[in-house]
2 protein chains.
Amino acid sequence: MKDITPKLISLLKEGYCTPQIARMAKKLSEPSTTLQYNIKKLEKEGSIKAYKAVFDYKKIDEGFCAFVLITLSPNEYGDPERVGRELIKHSEIESIDVITGDWEMVLKVRVSDQDAYYNFVKNVISRKGITKIKTLTSLKQLKTEFVEL
Amino acid sequence: MKDITPKLISLLKEGYCTPQIARMAKKLSEPSTTLQYNIKKLEKEGSIKAYKAVFDYKKIDEGFCAFVLITLSPNEYGDPERVGRELIKHSEIESIDVITGDWEMVLKVRVSDQDAYYNFVKNVISRKGITKIKTLTSLKQLKTEFVEL
DNA sequence: TATTTAGTTGAATAATACTCAATTATTAAC
DNA sequence: GTTAATAATTGAGTATTATTCAACTAAATA
């Protein structure tokens with residue numbers, strides 16, 4: 001039997017959703033055309049980047065979650081975004097931030113288990129420009145993407 | 001004129017969206033009823049927690065983003081989830097994780113600016129049970145919630 | 001005040017999700 | 001292996017919903 005679930009998850013993780021205008025209109029007691037107009041405005045000015053699904057990642061074989069604190073080599077200090085942009089396409093990475101303080105970057109990463117994380121570090125993170133990393137492993141996730149778990 | 005935008009943002013941040021089955025069906029060349037069935041299954045087994053919008057937070061007055069590393073007092077070690085659950089309802093908090101290592105918890109927080117963050121720390125974070133915090137301020141966000149910015 | 005621009009809204013239409021029943025595939029029991 | 005039960009796929013029809021459009025109202029600008 002064809003298992004389309006992985007494809008579905010992949011699409012829903014980054015988009016392929018849409019606002020429920022009628023439901024919001026009821027909730028706010030406003031005409032749906034008014035919401036339509038205002039939502040389109042938010043989209044046009046780029047305030048809304050995507051509509052997507054939030055998962056209980058334990059249940060879709062992405063139970064291992066970690067924050068990766070990254071130290072860049074001195075010659076990358078000037079352009080940490082360059083390193084970041086090379087990481088962006090990796091679907092295991094939920095977020096990428098350039099930060100202040102003891103580290104230069106922080107990633108939030110989701111993979112299936114510790115083994116997969118080891119491979120991720122080996123193949124994706126261990127690259128020229130990244131000097132040192134510190135992993136904070138999540139033991140329990142209470143909230144993610146503004147959604148309570 | 002009535003400004004419903006804040007209400008819209010608030011609703012869309014945590015839900016009030018729905019999958020675009022027809023669009024995915026085209027993309028995957030599968031009948032939409034098959035997708036319907038599989039998506040409903042994911043929902044029923046709790047794999048999908050919500051459908052929501054992702055914003056360019058700079059454009060909706062939430063330009064200040066920080067990771068908060070938290071050290072708990074020894075008498076809270078046993079039940080870090082208790083502290084976490086009290087934080088969950090705060091809409092400024094994007095994520096809450098209990099972690100291993102030098103800290104017990106990490107939050108991802110979004111507010112309008114540094115002033116608002118100061119107030120957030122004062123009013124929400126500074127509470128019994130939390131001994132020490134370290135803030136990693138995001139200078140540049142390249143990706144968030146699996147969505148490229 | 002006049003003029004333009006931005007925002008609101010109801011009515012009509014187009015698109016989409018959803019329901020249901022029939023069919024096929026998979027699994028479990030004997 | 002055969003049978004029974006369960007799970008998954010699918011097309012046709014219906015109910016909802018998003019979208020379009022034009023009329024109207026409010027706000028901003030000169």
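By convention in this document, chain letters (A, B, ...) are assigned in the order of the sequence lines, proteins followed by strands, and residues within each chain are numbered from 1. Values in this document were obtained by computation on a predicted structure and should not be read as measured data.
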Who passes side chain to side chain contact (heavy atoms under 4.5 Å, CB included) against B:Glu86, sequence neighbours left out? B:Arg82, B:Arg127
On a heavy-atom basis, which atom in B:Ile99 and which in B:Met105 lie closest, and how many Å separate them? CG1-N, 3.8 Å
Cation-pi, B:Phe64 ring and B:Arg110 (6.0 angstrom, 45 degrees): no
Would you check if B:Val106 and B:Val98 make a side-chain contact, meaning some heavy-atom pair closer than 4.5 Å? no
Can you label the angle between the B:Tyr57 ring and the A:Phe146 ring as parallel, tilted or perpendicular, going by 30° and 60°? tilted
Taking CG from A:Asn38 and C1' from D:dT19, how many angstroms apart are they, rounded to a whole number? 15 Å
Between B:Leu28 (CG) and D:dT10 (P), how many Å, whole number? 12 Å
To the nearest 10°, let me know how far the axis at one end of the helix from C:dT1-D:dA30 to C:dC30-D:dG1 is tilted from the axis at the other, five pairs an end. 50°
Report the C-alpha separation of B:Lys49 and A:Glu145 in whole Å, then their side-chain angles, then the decisive distance to 0.1 Å, and conclude whether the salt bridge (Lys or Arg N to Asp or Glu O under 4.0 Å) test is met. CA-CA 11 Å; B:Lys49 300 296 290 184; A:Glu145 296 160 76; over 6 Å; no
Pairwise side-chain contact, A:Leu8 with B:Leu35, heavy-atom cut-off 4.5 Å (strictly under): yes
For nucleotides 9-20 of chain C, give me one character per nucleotide, 5' to 3': B if any protein heavy atom sits under 4.0 Å from the base, S if the only such contacts are to the sugar-phosphate, - if neither. BBB----SSSB-
Measure the distance from CG on B:Asp3 to P on C:dA6 and round it to the nearest whole Å. 16 Å
Could you check if a side-chain atom of B:Leu42 sits within less than 4.5 angstrom of a side-chain atom of A:Thr5, using non-hydrogen atoms only? yes
